[in-house]
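Both ligands and their constituent atoms are indexed starting at 1 by order of listing. Any value given below was found using the heavy atoms of this structure, including those in side chains, with hydrogens, waters and symmetry copies removed. By convention here, the first residue in the shown sequence is residue 1.
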Amino acid sequence: MRPDILNPVFAEVETIPGVGPQVAKLLAKLGIGRIADLLYHLPTGVIERLKVPAASPSLIGRNVIVEVKPFEMRSPRSGRGPTRIVAEDREGNSISLVYFNNSGWAKKQLPIGEARIVSGKLEAYGDEWQIIHPDVVEAGKGPEPVAREPVYPLTEGVTNKRMRELAGEAIERAPELPEWIEPSLAAREAWRPWRSALADVHHEPDSRDPRRRLAYDEIFANQLALMLLRQSQRRHRTVPLPGTGALMGRLNLPYQLTGAQQRVIGEIHGDMAQQVPMLRLLQGDVGSGKTLVAVAAMLAAIESGAQAAMLAPTEILARQHFDTLSKQLHSLGVRVAILTGREKGRARESVLMGLADGSIDLLVGTHAIFQEKVAYRNLGLAVIDEQHRFGVSQRLLLSQKAERPPHLLVMTATPIPRTLTLTQYGEMDVSRIDEMPPGRTPIETRVISDEKLGEVIDGLGRHIEGNGQAYWVCPLVEESENSDAAAAEDRARILRQRFGDGNVGLVHGRMKGPEKDAVMAAFASGDLAVLVATTVIEVGVNVPNATLMIVEGAERFGLAQLHQLRGRVGRGTGKSICLLIRGPNLTESGRARLALMRESNDGFRIAEEDLRLRGPGEILGTRQSGEEGFRVASAEDVEDLAPIAQSDAQLLLERDGGLAGERGQAARICLYLFERDQAVGLIRSG
Ligand code: ADP
Ligand code: MG
């Protein structure tokens, strides 16, 4: 139960006088629903306004505060265009005050002949000076526009002024909280208490120390939660699965394991031989051969008399794994089955029975495989492929399910910077595959303007004529799957007109599983030359003959995502090409990101850069789900503070494992403040 002291923090915004359903709805767009959200909706900077006696050319482009007298009103001709109220400053310069809407309000605020103090950005417009939508107050009455003003992220209908008032109200209501930061650390950093730090940041957004303190709180809550998770996992006992190596030895591989694969398989087998359940994250770039590592782990489980289950994030991937594994393992006598949302009726029943009576050794599927109704006779190992859609709370659920939790291997193809590993997977041991299978030809990446779309399509035509296959990925248009799908449908239609219906397939997230599978299967077997897709193909799909990847609207994708997409090609012996098509209005960072893609094939380097450019939440695709993203902590904060927070959390738990002492209690409050309620449930009692 959340402690009472936090009640005001978690009160709804509508408890603020003047905030009704209308405003609440606007605030919701900014992710603000409770006082806590207001407290952590921090200003991003300040505008400095210069108080000046009069306008002058050197002030163009600056924010000014100046006293003027309106002398002429120019209403828009024909009812269109802005209203211009022309005023003069004390030195007789004319300044137009321009309003694109609300002209009635403007006329009232700026009566002809009366002195007003206006503030806003002074601009040159032709040979006139103007200020667009200035703030206005009567000279000598009311507060003057402030010279330094924190600026908040806003949405239409909520002004900065309003946001400042709301923030002020929220701070007013925030209680003083007991200190959870290790005293020596707080002293060394000269950090002020939580509430003062919040107030400081809202007043002076650039003040570094208070902001760092707030970031630290957030990271500390994260580290403490992960540490609690780790501890609770380590208290469990399970059945050791030492394996014999017999099955792996009989596996017919057309290639040798890489050194890195051998090493991580050794680490995994070492864990599985223990009574403490394995909790290991396997990182390896796209194409580094993680599937085989999973197979080695699963075979060890099966040899030891247990069942293994492998969870894939999408149905397409589950089916692909199922196909590969059943072929690969058939001759070994390993019985493989699949379970997704699609297996229904008799098919589902028979899988459930096989799991219960142990006649199935290995189950592949989507999240359906860990549902309540799925009972295993003897689940010894769970493998989770493509981790980044599987967050901490899901891992928590999985671990709480079983009395004897299975050994857990989590695999991710997103190379994760070290510090992020700490904040996202801090409870796990980490293995890295840092070597690619030999003989891969590097993928050539080119960035092309969308003005040359015609040439790209011509090139695609030549590629197809030479019996090549290609992916065509359409960007996220909006946040909705529907508009994505529509864009992909349009693109498919155009390409079909050109290359024939039978040559171009389409998959998107709105399609049903069986439809998607049929298209994927046709592409994998070479019946389709082109696969038009939204990012559903991002993770894991393996069609070695496809050697051309075209990504439309490439600037709208994150770097890690582009790297994933590019990883769909370069899987066979042929040379592969990745064409990144960019739109017309590239930002500076968009340009930098695409250039980096062109230069580098190194997933870890790209991930580090992505972290720097976009922040942690987005890399892991967690921002949308609101799972592990940080509100305050920036990438640099994480880099800088996570190791400190980790050892701090560890030390605290060593001294006071039940979090019962004074600081322990404060740390509980910190966990609740950052909504790590589940983690509180893991605190050891007594
Ligand atoms: P990912 O790590 O992205 O899941 P996969 O496991 O799908 O990669 O492997 C990519 C491709 O590399 C597959 O076709 C697989 O058969 C092949 N592969 C895996 N290990 C090796 C190896 N040691 N040598 C050569 N090819 C390998
Ligand atoms: Mg894979």
Going by the order shown, which atoms of ligand 1 are within less than 4.0 Å of some heavy atom of [X]?
| X | value |
| --- | --- |
| Gln256 | 22 (C), 23 (N), 24 (N) |
| Thr258 | 23 (N) |
| Ser288 | 2 (O), 8 (O) |
| Leu257 | 23 (N) |
| Thr291 | 4 (O), 5 (P), 6 (O), 7 (O) |

Would you say [X]'s side chain and [Y]'s backbone share a donor-acceptor pair under 3.5 angstrom?
| X | Y | value |
| --- | --- | --- |
| Arg280 | Asp271 | no |
| Lys290 | Gly284 | yes |
| Gln469 | Thr547 | no |
| Glu303 | Ala246 | yes |
| Gln262 | Gly259 | no |
| His269 | Ala296 | yes |

Subject >> Polar atom proximity, Gly287 to ligand 1 (N or O, under 3.5 Å) >> reply: yes
**OP:** State whether Glu315 and Lys516 are salt-bridged, where the test is any N-O pair (Lys NZ or Arg NE/NH1/NH2 against Asp/Glu carboxylate O) under 4.0 Å.
**Re:** no
**OP:** Check Met411 against ligand 1 and report side chain, backbone, both or neither, counting heavy atoms closer than 4.0 Å.
**Re:** neither
Original post:
Heavy-atom contacts under 4.0 Å between Ile433 and ligand 1: side chain, backbone, both, or neither?
Top reply: neither
**OP:** Check each of Gly284, Gly259, Gly289 against atom 9 (O) of ligand 1 and report the one with the nearest heavy atom.
**Re:**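 Among Gly284, Gly259, Gly289, the closest heavy atom to atom 9 (O) of ligand 1 belongs to Gly289.
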